[in-house]
Amino acid sequence: MDRLIRVLFIFALMTFVFIQQGRSLDKYALKRQQHTENSLAPLTVGVSWPFNKAQDGFAQGLELAKEEIESNGGPRIKLIIRDDHNDWETSRKIALEFVSNPDMTAVIGYRDDSIAIRVSGIYEQAELLHMIVGATTASLTEHDFVYIVRTINPIEDDVVPLVRAAPKSNNGELKYAMVWEAQERSSELAYQYQIAQNKNNGELIYQKQYDPETMDIRHIVNELRGAAPDVIYFSGSPETTGEFVRTTRNLGIDIPITLISKGMSELEKIAGKNAMRNIIYLDFYDKDAKNKENVYFVEKFLARFGKYPDTWAAQGYDALNILAGASRLSHSNFALDLASAIKFSHPWHGANGIYRFDRKGELRSKPVFVRVLNSNGEQEGDLR
């Protein structure tokens, strides 16, 4: 009986905390509306991204966009930049900081799918526009949220090109192995990959779901050596993916590895440059694209930072330009007005192609690119 009472007490306490947090978020939304009505403040944008871990060009893309927008007549923009370390507790604190700021109009960011899903509920209740540039799970836009826009493809739509890029054996058949980390997102992607392989007549000869906390990855690699597949599929966090690639190559397995990875620079840092060979992976941006917006962007980025932009530089650059364009179009800094302007306006032309959104804020299909690193670690021709 005492145990039951304790359980009921904890449940009641958690319910109370949830209700109180919800009331606070509603209060923040009201304060933001009142403040925006009476303020000529700049467009204030929160940025949440794993800057230190990712080591990419996201911040530089945002910086370049801000400079250009303001030099071309505005609106004025204030960026509040935070490093979320791809950690949920850190991300939650940042989200609560953003929603409690009455000047805040929108938030841009998020690489991790599970974190993006969890913070989206906070932003929705606080009526703060949430622009997702990195998280790729389709479930983000399944809840009919009003204040959400995603500027990157759901990766579930893009597994098929990875299957098509896998090398065939001499007899035209393909034997494949699947290894994925024991977490919901990796399991979902592994399932999608298997469906695509089944349609392509691939033969699954080895599969393993594993927990990196309890299983030695060398054991899996040794099993793969005995199975002798034509290609290995792997999905997991950047840390486990890098460890898998490094261990596989160190133990003498050089067959192609197909990866679901959104940060190859981060992966190379973990696995080591010498391990990055015979890799097949998706990318969402082509720096050599000939559309005028991209040619301009690459030229300006190269002049400003002395290097070529990566996927995340382009994503940050385009997202901030889309947001500023929505502000000019709607003559408003209200989150609802901005979200509506983005979703219901004509297509947006950016460095990373043409952005068309549906009413859920989901990006309609946009080209992706399959990259192939050959046996020397050099990039071969891209496959669309």
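Quick caveat, the model's predicted, so the values are computed rather than measured.
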Using a strict 4.0 Å threshold on nitrogen-to-oxygen distance, state whether [X] and [Y] make a salt bridge.
{"X": "Lys53", "Y": "Glu266", "result": "no"}
{"X": "Arg111", "Y": "Asp56", "result": "yes"}
{"X": "Asp254", "Y": "Arg277", "result": "yes"}
{"X": "Asp283", "Y": "Arg371", "result": "yes"}
{"X": "Asp358", "Y": "Lys360", "result": "no"}
{"X": "Glu70", "Y": "Arg76", "result": "no"}

Requested in this report: Please work out whether the ring planes of Phe234 and Phe244 are parallel, tilted or perpendicular, with thresholds of 30° and 60°.
Outcome: parallel
Report task. Assess Lys287 against Tyr308: is NZ or CZ under 6.0 Å from the centre of the six-membered ring, and within 45 degrees of the ring's axis? Result -> yes
Query raised in the report: On the ring face of Tyr355, is Lys366 found with NZ or CZ under 6.0 Å from the centre and within 45° of the axis?
Result: yes
Requested in this report: Group every Ile, Leu, Val, Met, Phe, Trp and Tyr by side-chain heavy-atom contacts under 4.5 Å, then state whether Ile115 and Leu140 land in the same group.
Outcome: no
Query raised in the report: Same hydrophobic cluster for Ile122 and Ile80, using side-chain heavy-atom links shorter than 4.5 Å among ILVMFWY?
Result: yes
Query raised in the report: Considering residues at least two apart in sequence or located in another chain, which fulfil the side chain to side chain contact (heavy atoms under 4.5 Å, CB included) criterion with Gln183?
Result: Glu181, Arg185, Ser186
Query raised in the report: In chain order, what residues pass the salt bridge (charged side-chain N to carboxylate O under 4.0 Å, His left out) check against Arg82, with sequence neighbours excluded?
Result: Glu97
